[in-house]
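Accompanying notes for the structure given below.
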Amino acid sequence: MKGLHFFLGLVFSINAFAASDEQRQLEAKFDAVLSAQSIRERMREMSSEPNHVGSPHNKKIAEMIRDDFVKFGWEAHIEKTEVLYPTPKKLSLKLLEPQNYDATLFEAPIPGDTTDRVKTGMLPPYLAYGGDGEVTAQVVYVNYGMPADYEVLEQLGIDVKGKIVIARYGKGWRGIKPKLAYQHGAVGCIIYSDPADDGYGQNLPYPDGPSRPKDGVQRGSVMDMPVQSGDPGSRDAATVLRIPVLPISWSDAQHFLAALSGQVAPEGFRGALPITYRVGPGPALAHLVVESDWSKKPLYNVIATMKGSVWPDEWVIRGNHHDGWAFGAWDPHSGHSAMMEEAKAIGALAKEGYKPKRTIVYTSWDGEEPGLLGSTAWTMAHAKKLQAHAVSYLNSDASERGFFRAGASYFLNDFINEVLDDVKDPETNASVKARTAAQLRVAALSPGANEDAKASAKRIRETGQIPVADLGSGSDFSPFLQHLGITAMNVGFDGEAQSAGVYHSDYDTFEHYDKFGDPGFAYSVALAKVGGRMMMRLADADLLPFRFGELAYRVKTQMEQIKKAFTNQSERDSEVNRLIDDGAFKLAADPTLPSGVPAAKKKAPTLDFAAMDAAISKLEASAKSFDERAALAKPEKHLEKINAILRKIDQTLLDSRGLPGRPWYQHLLLAPGLTTGYAAKTLPGIREAVEDYRFDDAVTYTKRTAAALSAVADQLDEAARLLQDK
Ligand SMILES: [Zn+2]
């Protein structure tokens with residue numbers, strides 16, 4: 001899996017905790033060990049056979065990873081568990097009316113590619129944790145299948161009840177599409193990759209270019225991860241979908257879409273296929289069969305440790321997953337191979353006498369793709385210890401040529417910028433920070449730039465810092481941060497290689513990555529430089545490099561957004577209700593076509609956010625005073641006590657009762673969106689309650705979130721007091 005797009009930037013002025021000369025000498029030695037050739041060879045080996053959960057190569061690479069760690073000088077072992085992981089037994093999709101077509105559901109080999117060399121052992125394209133079922137129904141095209149699309153369909157008078165919906169990939173996490181289809185009464189769901197989104201509408205298809213070829217299919221998980229990640233335990237679990245769902249290529253999808261009649265699809269629904277897009281329903285009639293083997297499969301997490309010399313009970317943790325959907329060269333082995341190079345270089349330093357002050361833990365996760373299975377199992381098995389000892393968790397996943405992206409706990413913002421200032425961008429020789437900042441500022445000028453992009457560019461201008469992105473989900477940081485309150489970061493490069501064209505398909509191969517992803521593997525080396533610096537600086541800093549100004553700023557901005565969005569929503573809803581009363585929807589519609597009238601909107605009460613305003617003001621003051629003192633102080637007397645406070649800040653932001661309807665997610669600032677999937681919802685308890693008209697929840701979570709922020713402010717006050725007590 002791969003996180004969504006993050007935002008980052010630059011800083012010229014603030015050097016809150018610039019690395020010491022000694023640290024820089026250590027890092028120069030670290031850099032000297034890194035080898036692009038060795039990363040390339042490691043990726044070639046890891047992606048030489050299918051490496052999905054339960055495959056022979058998956059077990060083999062876990063053993064190789066463990067043995068490599070040992071060779072590099074680490075203590076390493078495999079932790080094995082068993083999980084419910086469905087694999088396809090029978091998959092079939094046929095068009096029965098107005099003519100017959102059997103979907104191929106097959107990714108044809110491409111000469112010169114791994115798919116031409118290895119023809120067995122891959123799972124066919126499927127979506128894990130969909131329901132078993134056999135259905136025959138008329139087809140409706142629902143565009144991206146997101147909430148806004150159903151509003152449009154409502155006005156067109158189209159109902160998907162009893163139908164099979166066909167949705168295209170994009171605009172939101174795949175698992176949301178069948179879930180919404182089911183909630184709207186559909187009996188089956190097909191998801192295809194439209195060439196407009198990652199195929200020939202973007203670039204030449206593979207092997208001529210990086211984009212998705214005609215047979216390319218995006219596999220993936222449709223487990224309801226915004227409710228909880230990890231092993232569902234049983235196929236009746238709430239996170240397993242109820243209807244059959246299948247992914248297909250555009251070459252298969254075109255037959256179904258071209259067989260639809262009914263109204264011409266509105267402009268935003270049209271992709272890049274050479275057909276007139278229509279919404280249906282019918283006359284296309286489809287027969288869909290999905291049947292899975294629901295047996296348990298083994299997971300192999302690899303854990304490697306280097307014991308700290310001063311504070312062995314404080315753990316700085318790093319991770320990347322090693323399972324893929326097929327060969328997984330880009331996702332996950334681009335990030336994983338770079339991570340292993342870091343471990344090799346830290347190991348080489350240790351052989352020359354380097355002793356990290358804190359314990360460093362490198363992890364290689366299994367079962368990330370189906371639902372963060374390995375990392376969730378491990379974090380839950382070691383929850384108490386992790387909450388007592390973990391300082392931070394640094395995650396990476398798929399990475400490619402391009403610009404640096406980081407999502408993180410906000411109080412790591414200054415630290416991350418500092419590291420990015422010290423690593424060079426391989427293509428321009430500017431710092432990674434300067435280049436990424438330039439890209440974000442230029443991108444914010446484009447006509448399509450959204451409000452977040454503009455806000456990010458403004459923040460870079462004002463502070464010289466790239467603001468870290470909000471952490472939603474989509475990779476292994478999620479159980480650490482959102483269930484256990486472990487301070488987390490998720491990093492990587494992207495934006496210049498369009499590797500998304502082979503995302504979760506058989507064509508995500510070594511040859512594709514070597515040619516398009518990162519030719520020369522210079523960005524893999526850059527990723528290892530960033531990751532290694534982060535790990536060693538966090539392991540060796542006396543006072544942990546956490547600064548809280550950005551946290552206060554972000555929470556304040558987010559609360560203002562929620563208030564504004566609530567006002568806008570209430571005004572729009574009043575207008576919708578007036579239009580219904582006035583009969584305007586009917587009057588404005590084309591009388592020769594079917595049309596519908598939206599349901600009346602619930603009237604919003606007055607919401608009082610004063611508790612949040614007060615807590616945010618308090619946090620701003622406490623953050624300012626802590627940051628100022630931390631910049632001056634060389635704490636010795638209470639160092640361990642202060643670090644213990646800093647280590648627990650994200651845990652203070654948890655509420656053990658969790659978020660409404662999803663108690664497993666306990667972080668009050670960051671969660672994946674219930675209807676967005678990977679993308680984050682900030683202040684989720686409040687924001688989603690407002691958006692979903694759960695106004696009682698909005699009141700409750702305003703109080704709970706304010707109490708947590710106020711507790712953080714108290715802890716920063718205590719840390720500031722200890723800093724000053726010499
Ligand atoms: Zn991944």
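Atoms within each ligand, like the ligands themselves, are counted from 1 in listed order. No experiment lies behind these values; they were computed from the predicted model shown.
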W173 and its side-chain contact (heavy atoms from CB on, under 4.5 Å) partner, picked from P672, S473, P226:
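Exactly one option meets the side-chain contact (heavy atoms from CB on, under 4.5 Å) with W173, and it is P226.
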The Zn ion (ligand 1) is nearest to which N, O or S atom of D331?
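Nearest N/O/S atom: OD1.
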Please find the N/O/S atom of H321 nearest to the Zn ion (ligand 1) and write down its name.
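Relative to the Zn ion (ligand 1), the closest nitrogen, oxygen or sulfur of H321 carries the name NE2.
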When you compare the side chain of E369 with that of H321, does any pair of heavy atoms fall below 4.5 Å?
yes
For a quick check under 3.5 Å, do Y300 and D323 share a side-chain donor-acceptor pair by atom type?
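No, D323 and Y300 have no side-chain donor paired with an acceptor closer than 3.5 Å.
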Is D397 close enough to the Zn ion (ligand 1) that one of its N, O or S atoms comes in under 2.8 Å?
yes
Qualifying residues under salt bridge (charged side-chain N to carboxylate O under 4.0 Å, His left out), relative to R168, sequence neighbours excluded
D197
